[in-house]
Amino acid sequence: MTSAAASEHAAVARAARHAPMPAVLEARSLSAAYSGTVRLADVTAAFERNRVTAILGPSGCGKSTLLRALNRTLELIPGARLTAGRVLLNGRNVYDPAVPTGLVRAQIGVLQQKPTPFPMSILDNALFGARYHGLAHDPAAHARTYLERVGLWNEVNYRLGSSALALSGGQQQRLCLARTLAVQPSIILMDEPCSALDPRASGVIEALIRELAREYTIVIVTHNIAQARRVADRCVFMLDGEVLAAGSRDEVMEHPMHPIVRDFVTGQCG
Ligand SMILES: Nc1ncnc2c1ncn2[C@@H]1O[C@H](COP(=O)(O)OP(=O)(O)O)[C@@H](O)[C@H]1O
Ligand SMILES: [Mg+2]
């Protein structure tokens, strides 16, 4: 490719990354409480297909609560309750009693803050959710597909039967991501997925996030501003359970209108 063609190609790729996409997941006026105390207040946010949306905001502002409300895991926490609002997945309210919660949680996968491999083999970890949902018809091929997808296959293929707990932190987190992908979700929620990892392992996960956005819609909670700049297409900024700003990464992070958002993204608070 000539350098002119290469720069045109790069410009087209950049424009494609910023073009609006239909929202695949939407929070509409969501409110939630723990033991009667409101911690999410009238949150409306749209998550576009094949985009990485970063949820930003100071500790305790409700980022994890919003994620839990999106895939109906909030109701698994004693005392926690969604008090108002809807979550639309491809236009359908996931809180509609006719929608099975198992289906919602399969469609909207999660990657937790700390790697959470189960005390079992690497293979059994990779297949855990897929088996539960009846998706591992050819277990060996299924596991390989998703271990390859997260770049772990070459590191573990000769020891699939050994304990997942012996893997490094970064490998464990990629195994957890493989376990999530193996359930074949369309959306992946990530709650500070790199906060327990060293910079190198974080970089591997960040590269994976960008790659996976071609196929999946990703919502990532991060308090790492530099990470949000690297991986996000769009941002939602929260404070005290409310959305303070939402838009493209540039709108929210490079040209913030709200002084609190400005202070946060320039590292002056948080
Ligand atoms: N299980 C819980 N029981 C009671 N309060 C909670 C629980 N989880 C979170 N909270 C409170 O809800 C608020 C939002 O928490 P969280 O969503 O975890 O914030 P963030 O992820 O932005 O740090 C905080 O004030 C937190 O203390
Ligand atoms: Mg949190």
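Order of listing sets the numbers, starting from 1, for every ligand and every atom in it. These numbers come from a predicted model, not from an experiment.
- Test E206, E192, Q227 against I220 for side chain to side chain contact (heavy atoms under 4.5 Å, CB included) and you get one pass: Q227.
- In this structure, R174 is not positioned above the aromatic face of Y146 in the sense of NZ or CZ being under 6.0 Å from the six-membered ring centre and within 45° of the axis.
- A salt bridge links R234 and E48; the closest N-O separation between the charged side-chain nitrogens and carboxylate oxygens is under 4.0 Å.
- Taking 4.0 Å as the cut-off between side-chain N and carboxylate O, R149 and E211 count as a salt-bridged pair.
- Residue side and main chain included, S59 places no N/O/S atom under 2.8 Å of the Mg ion (ligand 2).
- With salt bridges taken as basic N to acidic carboxylate O contacts below 4.0 Å, none links K63 and D191.
- Using a cut-off of 4.0 Å between Lys/Arg side-chain N and Asp/Glu carboxylate O, E254 and R229 are scored as salt-bridged.
- Protein residues having at least one heavy atom under 4.0 Å from any atom of ligand 1 are Y34, R39, P58, S59, G60, C61, G62, K63, S64, T65, I77, listed by chain and number.
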